[in-house]
Amino acid sequence: MNLRRIEAGSLPVESRALAKALIGCILVSEGAQGRASGRIVETEAYLPGDPACHAYTGRSARNATLFGPPHRAYVYQIYGRSLCFNLASEPEGTGAGVLVRALEPLEGIALMETRRGTTVVRDLCRGPGRLTQALGIDRAVDGADLSVGDGLWLAEGVSPPGRIRSSRRIGLTRAAERRLRYYEAGNRFVSGPRNLSPP
DNA sequence: AGGATGATCGTCT
DNA sequence: GACGATCATCCTC
């Protein structure tokens, strides 16, 4: 599969615009074990001043990447077992980001099955913790510039017009009512509700 | 297909 | 010491 890398600076910086623009893009991981990739079908935006955003209470060792340049990878561990993959958003100095919640597996299915310990393709990348495991993303990825390295990068994909919908974000207790989750309507690899009415 | 539950540990109070 | 931007498993329908 010939993938065209997304060049630095061609993605939006504003959080909601970035969350929408990422739908359809392809996330690629390459390493000694081979290549694994998937098409992004679900994201969530975490805005400046958003009580649900990790940057809300100020800068710390964990969330420092969110305050760095836009589009750097922000990786953190949640519930003791799962890693979540985000892209920092907004200009440097402002803490915000976009969580990638689900991928539609494209390449390296066998590798993903090994890493995930299941052959249920629908379960390989459906959920933020699952997709990081399937792509072999670890905490060392935190802070990485995806436009430079060859281990993890973004490629151009296809987002059919009119297919992107929004809903409440998933799993939150704070600011849960805000419609900052974006997903491709009807796609079976979306992790939450996947056919809600348009806004 | 969908709801409830417990595991598990880095980070911050 | 409490709390998660979750997951796998077990249950019922």
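Protein chains get the first letters and strands the later ones, always in sequence-line order, with residue 1 at the start of each. Values in this document were obtained by computation on a predicted structure and should not be read as measured data.
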Taking only N/O atoms, report every protein-nucleotides 11-13 of chain B pair under 3.5 Å with atom names and distance.
residue : atom : partner : partner atom : Å
dT11(B) : OP1  : R139(A) : NH2          : 3.2
dC12(B) : OP1  : S60(A)  : OG           : 2.2

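Taking D123(A) as the reference, R126(A) meet the salt bridge (charged side-chain N to carboxylate O under 4.0 Å, His left out) condition, with sequence neighbours excluded.
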Identify each donor-acceptor pair in which a side-chain atom of residues 17-33 of chain A lies under 3.5 Å from a protein atom, sequence neighbours left out, and give them as a table.
residue : atom : partner : partner atom : Å
S29(A)  : OG   : L135(A) : O            : 3.0
E30(A)  : OE1  : W153(A) : NE1          : 2.8
E30(A)  : OE2  : R35(A)  : NE           : 3.1
E30(A)  : OE2  : R35(A)  : NH2          : 3.2

Which pairs would a plain distance check flag for residues 64-71 of chain A, meaning a side-chain donor or acceptor within less than 3.5 Å of a matching protein atom at least two apart in sequence or in another chain?
residue : atom : partner : partner atom : Å
T65(A)  : OG1  : D142(A) : OD1          : 3.2
T65(A)  : OG1  : D142(A) : OD2          : 3.2
H71(A)  : NE2  : P12(A)  : O            : 2.7

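What separates OH of Y76(A) from P of dC9(B) is a distance of 18 Å, to the nearest Å. What separates CG of L87(A) from P of dA5(C) is a distance of 19 Å, to the nearest Å. Atoms CG (D123(A)) and C1' (dT6(C)) sit 13 Å apart, rounded to a whole Å. Between the CG atom of L124(A) and the C1' atom of dT6(C) there is a distance of 17 Å, rounded to whole Å. L83(A) places its CG atom 16 Å from the P atom of dT8(B), with the value rounded to the nearest Å. Atom CD in Q133(A) sits about 11 Å away from atom C1' in dA8(C), given to the nearest Å. Whole-Å rounding puts the Y74(A) OH to dA5(C) P distance at 9 Å. Rounded to whole angstrom, the span from the CZ atom of R130(A) across to the C1' atom of dA8(C) amounts to 8 Å.
Both Q77(A) and R122(A) lie near DNA chain B, and the one whose nearest nucleotide falls closer to the 5' end is R122(A).
Using a 4.0 Å heavy-atom distance criterion, R116(A) is classed as a sugar-phosphate-only contact.
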| message | Between R169(A) and R178(A), does the side-chain contact (heavy atoms from CB on, under 4.5 Å) criterion hold? Intermediate values first, please. | response | CA-CA 7 Å; R169(A) 293 174 292 187; R178(A) 305 190 69 170; 4.1 Å; yes
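For DNA chain C, the residues of residues 43-54 of chain A within the heavy-atom distance limit of 4.0 Å (strictly under) are Y46(A), A52(A), H54(A), sorted by number.
Using a cut-off of 4.0 Å between Lys/Arg side-chain N and Asp/Glu carboxylate O, R188(A) and E104(A) are scored as not salt-bridged. A salt bridge is defined here as a Lys NZ or Arg NE, NH1 or NH2 lying under 4.0 Å from an Asp or Glu carboxylate O, and E156(A) with R4(A) meets this definition. A salt bridge is absent between R168(A) and E177(A): the closest approach of a Lys/Arg side-chain nitrogen to an acidic carboxylate oxygen does not fall below 4.0 angstrom.
Between H54(A) and Y46(A), the ring center distance fails the sub-6.0 Å criterion.
Contact record, P105(A) with M112(A): CB-CE, 3.7 Å, taken as the closest heavy-atom pair. Closest of all the heavy-atom pairs between S191(A) and R101(A) is OG-NH2, 3.2 Å. The nearest pair of heavy atoms linking R115(A) to A134(A) is NH1-O, 3.0 Å.
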| request: Determine which bases of DNA chain C form Watson-Crick or G-U wobble pairs with both distances under 3.5 Å, and write the result as a 5' to 3' dot-bracket string with | for other-strand partners. | output: ||||.|||||||.
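Residue side chain Y79(A) does not reach the base of dA7(B) through any donor-acceptor N/O pair under 3.5 Å, judged by distance alone.
Contact annotation: R81(A) side-chain N/O to dG10(B) OP1/OP2 distance is not under 4.0 Å.
Under a cutoff of 6.0 Å and an axis angle of 45°, R72(A) and Y74(A) do not form a cation-pi pair.
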